[in-house]
Structures are given as C-alpha cells and as structure tokens.
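So the structure is just underneath, and the comments pick up after that.
Just follow the structure's listing: the first ligand is 1, and inside any ligand the first atom is 1. Throughout, residue positions are numbered sequentially from 1 according to the sequence presented.
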Amino acid sequence: MNIVIFGAPGSGKGTQSALLIEKYGYYHISTGDVLRAQIAQGTELGKIADSYISKGQLIPDELMIDILDDVLAAHPESAKGVVFDGFPRTIHQAETLDALLAKRNGQVDIVVGLEVEEEELIVRLINRGKTSGRSDDNLETIKKRLDVYNSQTNVLRDHYKAQGKYEAVHGMGSIEDIFENIKTLIEKHRR
Ligand code: B4P
C-alpha cells in the first residue's frame, strides 16, 4: 500500500509517519529528511538544497524527482509499500509519482490530509525551532513556507479529491487521537 501523508509545514507529517511505520512496517520516505541528510554531509546536492530550504522555497521539481527515483531504486523493499512524507508537493510531482508507481504495478492508495489551523502551525514550528537547529524554523521562513504551501501544494487536495483518494484528518489535538483516526482510514483503503 502506498500512502501519502499530506499537509502544511508543521501539520504533523513526520510525527504521524513515524507511527505508521511502527504499526505497518512500510518504507518511509521523508523528502525533507533526505535533503537535510545531504546538507549535513556537505554534498553538492546538499548545498543546492540548502539554498532553497533556508529561503522556504521548494527544491526544483526535476531535481526532487531524480532524488526520489534514486531512493526508490536503492530500496527495493519499498515495492511492498511506502509512506511518502513531504512528497508530492506540486502537481508535476504528483503526476510523476503516479508514473513511477505504475512502473512497479502500484499506485497512490490513500492521501491522508492533516488539516491544522495556520496559527497552530506557526506555534508548532517556532517551538520546534528552539531546538531543531533547522534553518527554516524561524518566523520569516515559516511564513514563506506557508505561502509556498498555499500557492503550490494545497492544489493537490483537489487533485486527489477528484480521484477519490483524499481523506481529511483533523490534525489538532493529541498525537494518539489523530493516529487512531488515520488508522481507521488506512484500514478502509487497504487492498
Ligand atoms: P519537510 O521536512 O517536509 O518540512 P515540513 O513540511 O515543514 O514538515 P515537517 O515534517 O518538518 O513537519 P511536520 O509536519 O512533521 O520539508 C522541508 C523543506 O524541504 C521544504 O520546505 C522544501 O524546501 C524541501 N522539500 C521537502 N520535500 C520537498 C518536495 N517534495 N519538493 C520540493 N521541496 C521539498 O510538523 C512537525 C512539528 O509539529 C513537530 O515539531 C511536532 O512535534 C509537532 N506536532 C506534530 N503533531 C502535533 C500535535 N498533534 N500537537 C502538537 N504538536 C504536534
């Protein structure tokens, strides 16, 4: 089963993905984590990624898609099922993901949309910024990330709603309660 965990920055994608992996054992791809690992290693790719992430912008589609393709190819166990956390973020990425999964006789089975009010997103990310050391967890960059989400990523809700794959989850409240709701939806869509 291929699950997309979707939502604005700070909506809890990473938190809920970790619980999903623990419960179902799928392969986890957080594109943000992949990019931050490159930055930490000081690679050329990391330097390019940092120049976008620190400004709150998205990495260009073609680069991001090449990276995702490489990660999937390097992890054949991902053919059994993936939790995509932070990907896709544009319509072009979504269309490419469909093509990549079709090559393995797969598809996106469910898109779990974590819906959280913007004020709460800002509070969470500012709090995380006190300890995360992330160059994008500061108020100015958080606002830019939310603008980018609203202008480039949010359209994916309608894209996946039209396919009957989008399941909205109220993303406020306790992490455990949110996860219970996600589990119910996953069971509904399991093949
Ligand atoms: P990401 O790493 O994906 O960052 P994010 O969208 O901010 O989400 P993150 O996973 O960090 O936060 P979460 O929602 O889990 O991307 C970073 C950057 O990389 C992007 O801005 C972009 O530049 C680049 N990038 C990544 N993917 C890309 C792509 N596909 N295309 C192009 N560029 C890409 O929020 C977690 C926070 O909320 C935590 O602090 C957690 O403790 C807290 N939290 C979670 N649930 C909570 C709850 N119920 N109550 C209270 N707090 C909660």
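- Residue Gln93 approaches ligand 1 through these ligand atoms, each under 4.0 Å from one of its heavy atoms: 29 (C), 30 (N), 31 (N), 32 (C).
- Counting protein heavy atoms only, atom 18 (C) of ligand 1 is closest to Ile53 CG1, 4.0 Å.
- Near Gly173, meaning under 4.0 Å from one of its heavy atoms, ligand 1 places the atoms 48 (C), 49 (N), 50 (N).
- Taking the side chain as every heavy atom from C-beta outward, Ile3 and Tyr26 approach each other to under 4.5 Å.
- For atom 37 (C) of ligand 1, the nearest protein heavy atom (residue, atom name, distance) is Arg128 NH1, 4.0 Å.
- Which of Arg124, Arg36, Lys13 comes nearest to atom 44 (N) of ligand 1 through a heavy atom is settled by distance: it is Arg124.
- Results of the salt bridge (Lys or Arg N to Asp or Glu O under 4.0 Å) test with Asp137 over Arg124, Lys130, Lys144, Arg128 single out Arg128 as the only residue that passes.
- Grouping the Ile, Leu, Val, Met, Phe, Trp and Tyr side chains by contacts below 4.5 angstrom, directly or via other members, places Ile39 with Met64.
- Checked options Ile182, Ile5, Leu185; the residue passing with Ile110 is Leu185 (criterion: side-chain contact (heavy atoms from CB on, under 4.5 Å)).
- Taking every heavy atom of Gln57 and a limit of under 4.0 angstrom, the matching atoms of ligand 1 come to 22 (C), 23 (O).
- The Pro9 neighbourhood of ligand 1 comprises atoms 5 (P), 6 (O), 7 (O), with distances under 4.0 Å to a heavy atom of that residue.
- For the pair Arg145 and Asp136, the minimum side-chain heavy-atom distance is below 4.5 Å.
- Transitive grouping of hydrophobic side chains (ILVMFWY, heavy atoms separated by less than 4.5 Å) keeps Tyr149 and Val116 in distinct clusters.
- Contact atoms of ligand 1 toward Ile178: 49 (N) (distance under 4.0 Å to a heavy atom of the residue).
- Gly12 N, 2.9 Å is the protein heavy atom nearest to atom 14 (O) of ligand 1.
- The side chain of Arg145, and not its backbone, has at least one atom closer than 4.0 Å to an atom of ligand 1 (non-hydrogen atoms only; side chain from C-beta on).
- Inclusion of Ile59 in the set of residues having an N or O under 3.5 Å from an N or O of ligand 1 is warranted.
- Distance check: Thr96 OG1 to Leu101 CG gives 10.5 Å after rounding to the nearest 0.5 Å.
- Residue contacts with ligand 1: Leu125 is placed with no nitrogen or oxygen under 3.5 Å of a nitrogen or oxygen of the ligand (distance criterion only).
- There is no side-chain donor-acceptor pair under 3.5 Å between Asn181 and Thr184.
- For atom 42 (O) of ligand 1, the closest heavy atom belonging to the protein is Thr15 OG1, 4.3 Å.
- Residue Arg134 has at least one N or O atom closer than 3.5 Å to an N or O atom of ligand 1.
- Between atom 25 (N) of ligand 1 and the options Leu35, Val116, Thr31, the minimum heavy-atom separation is to Leu35.
- Contact check for Gln107 versus Lys165: side-chain heavy atoms found under the 4.5 Å cut-off.
- Within the 4.5 Å cutoff, the side chain of Gln16 has heavy atoms near those of the Leu114 side chain.
- Looking at Gly10 next to ligand 1, an N or O pair under 3.5 Å apart turns up.
- When hydrogens are left out, the protein atom nearest atom 15 (O) of ligand 1 is Gly14 N, 2.7 Å; that is the closest non-hydrogen contact.
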key: Intermediate values then yes/no, side chain to side chain contact (heavy atoms under 4.5 Å, CB included), Val83 and Val4   = CA-CA 6 Å; Val83 174; Val4 171; over 6 Å; no
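- Considering only heavy atoms from C-beta on, Leu100 comes within 4.5 Å of Leu68 through its side chain.
- For the pair Gly7 and ligand 1, no heavy-atom separation below 4.0 Å is found.
- Pairs passing the ring pair (Phe, Tyr, Trp, His ring centres under 6.0 Å) check and including a residue from residues 73-131, sequence neighbours excluded, read Tyr27-His75.
- Taking a 4.0 Å cut-off on heavy atoms, Phe87 registers as neighbouring ligand 1.
- For ligand 1, the polar-atom distance check finds an N/O of Gly86 within less than 3.5 Å of one of the ligand's N/O atoms.
- Considering Glu120, Lys55, Arg89 only, the shortest heavy-atom separation from atom 28 (C) of ligand 1 involves Arg89.
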